[in-house]
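What's counted below: heavy atoms across the whole structure, side chains too, no hydrogens, waters or symmetry copies. Numbering starts at 1 and runs along the sequence shown. On a predicted model such as this, the values are computed, not experimentally measured, just so you know.
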Amino acid sequence: MPETADWENGLREVGNVRLARIPLHLLDHHPGNVRADYALTDAFCKSLAAEQQVAVHVVPIPDNQPRGEGEEGYRFWVTKGNRRLAAARCEQLPDLLCLIDLGKAGDRAGQFIDMVVENDDEFRRGLTAFEQAQALFAAHAAGASRTRIRKLTGRTREEVAGAITAGRLSEQTRQAAQQMNHAWTLEDLALLAEFDGDEDALAEIHQRVGWGHKVRYAVEYIRTERAEATERARVRAELEQAGIRVSDDIPSGALTLTRLADVVDGFDPGTHTECEGHGVFLRSRGTATPLAYCASPERHGYAPPETPSASGACAVSAAPAKANELERKLVIEGNRAWKASATVRQEWVAGLLARATAPKPVLAWVARQLMEMPTPLRDKLTGARHTTLWAKLVGNIDAASTAAVRPGRLPLLALAPIAVAYEHQMTVPDSARYIWRHDRTGAVSRADARAYLSLLVELGYQPTPIEQAIIDGLPYRGDAPAEELEPEQAPDAGEPPHEPGAEETSTPVPQDADAGADPGTDPDAGDGGSYSAAA
């Protein structure tokens, strides 16, 4: 007989409990079970079916207990684990691992107390997203395959991949995230992997989360901003390699070649590359579209007006210059926010169109759209099926496969080409970037964009600040809260609010053709088209 180890001498056996696998047909919910909603999810049921990690606590049913019809065969009541019993019945499992507590068999009061202790948040605390990520990553590192983790936890492939990614985050990034006032999910944490250890990006995410932004939008905004910077650096290097002078702004007194062609008869921009004043300006922010200029326009028979030299005149011109710079900054931020919002929104729309059942408002909205046939539908509805967005938002479904679709999903199929038409017109055409602005006309009017975005919000979408401005019929003033805006950016307190239903008109930005820095008054100048040495 093997010798008893020291640690075994300290074990205490409990004679009134027993572990056994009990067939499901012998188990019943406790008659005093207070849980009204078992909140069964597909993930929970699949996890239990793959492997039962926690035993169910049961007590024998008293012999003198009255039995109703169909209850004659039950032999045990479940005191802890009624949700697991409901899931096992849903999955039609043959049995459950049970801890038979004979000591509580006659203690009805103790049985009810067990229900409280089992489910009260004072006694139980679920793992945070950080803890879940670390545990699942540790399981994977210890040899568990992603398939095994998926089956045992009931999570999808994407959720498991995101959890493992989040589990790899450095301690520095985890601490930075924990300092943010945000209810983190595994999906949100996985998004931080791209910026692991990047203090600047984490600080911006922290700021935007503090403003109430979703992590997904904050991440996409930073991606857009950095993609612009990368493209600007590439374009600048290409221009400098070609021997072209590049500046961050147009020099004082210079004129763009487009402007020179307007004011000088016979001027050909294609012949200007040999001029000693030839150069391009590439702004340090915004899109990477350079504009060619001439620093010495007087050589072509056009002299710009002299720049005022008096100190008083300079003081007078300082305010418009600052206002113009703020407007330019707002346009850059707005264009970036509009692009980032589209990526986040389209991911949500793809999820909406993939649902098994359409939300109630969908069918009525689709019918109204088809009756009114607004501009986005007149322009793109018939071609929606042939756009690149179709596969991204709708998938591979085609007309032939609709015969097998359940009736509850049909309104979503009707919505699909309409949503694709809106998304295409709100993101693809060059003029789509003007939709959020009051001073330009975009491929979709703000009124039509408002109708579409309002439906998404009604269906559960959380709009970004620039989308909310369109819904509210107000000018976009940036992503920061109003209290953090500069005084020049804040809305005029005396200006009456714009009514969402009011007709909107486009008011062009005034342009001073003779401005010393051309084009100095158009904050969106240089954001479209492409540059070549002959431009």
Asker: Are the side chain of Ser247 and the backbone of Ile250 linked by a donor-acceptor contact shorter than 3.5 Å?
Answerer: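 Looks like no, no N/O pair under 3.5 Å.
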
Asker: Checking Thr173 side chain against Gly197 main chain: does a donor-acceptor pair fall under 3.5 Å?
Answerer: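 Checked: pair present.
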
Asker: Near Met373 CE, under 6.0 Å, is it more than 12 heavy atoms from other residues, nucleotides or ligands?
Answerer: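 More than 12 within 6.0 Å, yes.
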
Asker: Using the side-chain contact (heavy atoms from CB on, under 4.5 Å) rule, take Leu192 and Leu169 through it: C-alpha gap first, then chi angles, then the decisive distance, then the call.
Answerer: CA-CA 8 Å; Leu192 297 184; Leu169 292 175; 4.2 Å; yes

Asker: When you compare the side chain of Leu136 with that of Val160, does any pair of heavy atoms fall below 4.5 Å?
Answerer: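 Counting from C-beta outward, Val160 and Leu136 never come under 4.5 Å.
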
Asker: Please assess Thr388 against His424 for the test side-chain contact (heavy atoms from CB on, under 4.5 Å), listing each intermediate value before the final yes or no.
Answerer: CA-CA 9 Å; Thr388 56; His424 182 278; 5.9 Å; no

Asker: Heavy atoms, side chains only, cut-off 4.5 Å: are Pro297 and Val263 in contact?
Answerer: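 No - every pair of side-chain heavy atoms lies 4.5 Å or more apart.
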
Asker: Applying side-chain contact (heavy atoms from CB on, under 4.5 Å) to Leu453 and Arg345, what does each step give before you reach the verdict?
Answerer: CA-CA 9 Å; Leu453 293 174; Arg345 184 180 66 248; 3.7 Å; yes

Asker: What pairs with Gln468 under side chain to side chain contact (heavy atoms under 4.5 Å, CB included), at least two apart in sequence or on another chain?
Answerer: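 Residues passing side chain to side chain contact (heavy atoms under 4.5 Å, CB included) with Gln468: Pro463, Ile471, Asp472.
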
Asker: When you check the side-chain N and O atoms of Thr375 and Arg378, is any donor under 3.5 Å from an acceptor?
Answerer: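 Yes, a side-chain donor-acceptor pair sits under 3.5 Å.
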
Asker: For Asp200, give me all partners under side-chain hydrogen bond (donor to acceptor under 3.5 Å, both in side chains), at least two apart in sequence or on another chain.
Answerer: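 Listed in chain order: nothing, the list is empty.
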
Asker: Considering residues at least two apart in sequence or located in another chain, which fulfil the side chain to side chain contact (heavy atoms under 4.5 Å, CB included) criterion with Arg406?
Answerer: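 Testing Arg406 for side chain to side chain contact (heavy atoms under 4.5 Å, CB included), a comparison that skips the adjacent residues, returns Ala356.
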
Asker: Hey, could you give me each pair passing ring pair (Phe, Tyr, Trp, His ring centres under 6.0 Å) that has a residue in residues 445-469? Not counting sequence neighbours.
Answerer: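 Of all non-adjacent pairs touching residues 445-469, those that pass ring pair (Phe, Tyr, Trp, His ring centres under 6.0 Å) are Trp348-Tyr461, Tyr422-Tyr452.
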
Asker: Just wondering, do Pro359 and Leu412 contact through their side chains at under 4.5 Å, heavy atoms?
Answerer: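 Yes; the side chains approach each other to less than 4.5 Å.
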
Asker: Just so I know, are the side chains of Arg446 and His438 near enough to count as touching, which here means a heavy-atom distance under 4.5 Å?
Answerer: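 A side-chain contact under 4.5 Å exists here.
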
Asker: Do we see a donor-acceptor contact under 3.5 Å between the side chains of Tyr221 and Asp479?
Answerer: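 Side chains of Tyr221 and Asp479: no pair found under 3.5 Å.
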
Asker: Contact between Met426 and Trp436 at the side-chain level, heavy atoms closer than 4.5 Å - yes or no?
Answerer: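 A side-chain contact under 4.5 Å is absent here.
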
Asker: Using every non-hydrogen atom in the two residues, find where Ile466 and Ser341 come nearest and quote the distance to one decimal.
Answerer: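 Minimum heavy-atom separation between Ile466 and Ser341: CG2-OG, 3.5 Å.
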
Asker: Going by ring pair (Phe, Tyr, Trp, His ring centres under 6.0 Å), name the residues that satisfy it together with His206, two or more places apart in sequence or in a different chain.
Answerer: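 Partners of His206 under the ring pair (Phe, Tyr, Trp, His ring centres under 6.0 Å) test: none.
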
Asker: Less than 4.5 Å apart, any side-chain heavy atom of His213 and any of Thr464?
Answerer: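 Heavy-atom side-chain distance check fails, nothing below 4.5 Å.
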
Asker: Is the backbone N or O of Phe130 less than 3.5 Å from a side-chain atom of Trp184, with the two atoms forming a donor-acceptor pair by type?
Answerer: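 Pair absent, no side-chain N/O of Trp184 close to backbone of Phe130.
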
Asker: Answer yes or no: does atom CZ of Arg157 have more than 12 heavy-atom neighbours from other residues, nucleotides or ligands under 6.0 Å?
Answerer: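 No, not enclosed.
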
Asker: Output all residues satisfying side-chain hydrogen bond (donor to acceptor under 3.5 Å, both in side chains) with Lys392, sequence neighbours left out; order by chain, then residue number.
Answerer: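 Lys392 satisfies side-chain hydrogen bond (donor to acceptor under 3.5 Å, both in side chains) with Gln346 once adjacent residues are dropped.
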
Asker: Can you establish whether the number of heavy atoms outside Lys46 located under 6.0 Å from its atom NZ is more than 12?
Answerer: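 Not buried by this count: 12 neighbours or fewer within 6.0 Å.
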
Asker: Is there a donor-acceptor contact under 3.5 Å from the side chain of Glu159 to the main chain of Thr156?
Answerer: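 Confirmed, Glu159 side chain pairs with Thr156 backbone.
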
Asker: Who are the salt bridge (Lys or Arg N to Asp or Glu O under 4.0 Å) partners of Glu347, not counting sequence neighbours?
Answerer: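 With neighbours one apart ignored, the set is Arg216.
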
Asker: Can a donor-acceptor pair be found, under 3.5 Å and without considering hydrogens, that links the side chain of Thr387 to the backbone of Ala384?
Answerer: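 Side chain of Thr387 to backbone of Ala384: a pair is present.
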
Asker: Are His272 and Cys294 close enough that some pair of their side-chain heavy atoms sits under 4.5 Å apart?
Answerer: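 A side-chain contact exists here, since the closest heavy-atom pair is under 4.5 Å.
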
Asker: Could you grab the distance from atom CD of Glu276 to atom OG of Ser296, nearest 0.5 Å is fine?
Answerer: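 It comes to 5.5 Å.
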
Asker: Which residues satisfy the side-chain hydrogen bond (donor to acceptor under 3.5 Å, both in side chains) test with Gln178, sequence neighbours excluded?
Answerer: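 Applying side-chain hydrogen bond (donor to acceptor under 3.5 Å, both in side chains) to Gln178 gives none.
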
Asker: Test salt bridge (Lys or Arg N to Asp or Glu O under 4.0 Å) on Arg208 and Glu204 and set out the steps.
Answerer: CA-CA 6 Å; Arg208 289 181 171 277; Glu204 185 168 354; 3.4 Å; yes

Asker: Just wondering, are more than 12 heavy atoms of other shown residues or ligands nearer than 6.0 Å to CD in Glu199?
Answerer: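 No - once you tally the heavy atoms of other residues, nucleotides and ligands closer than 6.0 Å, there are 12 at most.
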
Asker: For Arg155, which residues count as a side-chain hydrogen bond (donor to acceptor under 3.5 Å, both in side chains) partner, sequence neighbours excluded?
Answerer: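 Arg155 satisfies side-chain hydrogen bond (donor to acceptor under 3.5 Å, both in side chains) with Gln132 once adjacent residues are dropped.
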
Asker: Evaluate the side-chain proximity of Val280 to Arg245: yes if any heavy-atom separation is below 4.5 Å, no if none is.
Answerer: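 Result no, sub-4.5 Å side-chain heavy-atom pair not found.
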
Asker: Looking at Ile470, is its backbone amide N or carbonyl O close enough to the side chain of Arg450 to form a donor-acceptor pair, meaning the two atoms are under 3.5 Å apart?
Answerer: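 Yes, the answer is positive, given that a donor and an acceptor are paired below the 3.5 Å cut-off.
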
Asker: Which pair of non-hydrogen atoms, one from Ala201 and one from Ile222, has the smallest distance, and what is that distance?
Answerer: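 Minimum heavy-atom separation between Ala201 and Ile222: O-CD1, 3.6 Å.
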
Asker: Side chain to side chain contact (heavy atoms under 4.5 Å, CB included) with Ala416: which residues, sequence neighbours excluded?
Answerer: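 By the side chain to side chain contact (heavy atoms under 4.5 Å, CB included) rule, Ala416 matches Leu353, Trp390, Val394.
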
Asker: State which residues pass side chain to side chain contact (heavy atoms under 4.5 Å, CB included) with Ala432; sequence neighbours excluded, sorted by chain then number.
Answerer: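 Side chain to side chain contact (heavy atoms under 4.5 Å, CB included) check on Ala432 returns Pro429, Ile435.
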
Asker: Is it the case that the side chain of Arg433 and the backbone of Asp430 share a donor-acceptor pair, with hydrogens and angles ignored and the cut-off at 3.5 Å?
Answerer: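 Confirmed, Arg433 side chain pairs with Asp430 backbone.
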
Asker: Applying salt bridge (Lys or Arg N to Asp or Glu O under 4.0 Å) to Glu333 and Arg336, what does each step give before you reach the verdict?
Answerer: CA-CA 5 Å; Glu333 181 177 355; Arg336 189 178 295 148; over 6 Å; no

Asker: Using the test salt bridge (Lys or Arg N to Asp or Glu O under 4.0 Å), find all partners of Glu240 that sit at least two apart in sequence or belong to another chain.
Answerer: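 Scan of Glu240 (salt bridge (Lys or Arg N to Asp or Glu O under 4.0 Å), adjacent residues dropped) gives Arg236.
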
Asker: Could you walk me through whether Glu220 and Lys339 pass the salt bridge (Lys or Arg N to Asp or Glu O under 4.0 Å) check?
Answerer: CA-CA 9 Å; Glu220 192 59 37; Lys339 185 176 181 179; over 6 Å; no

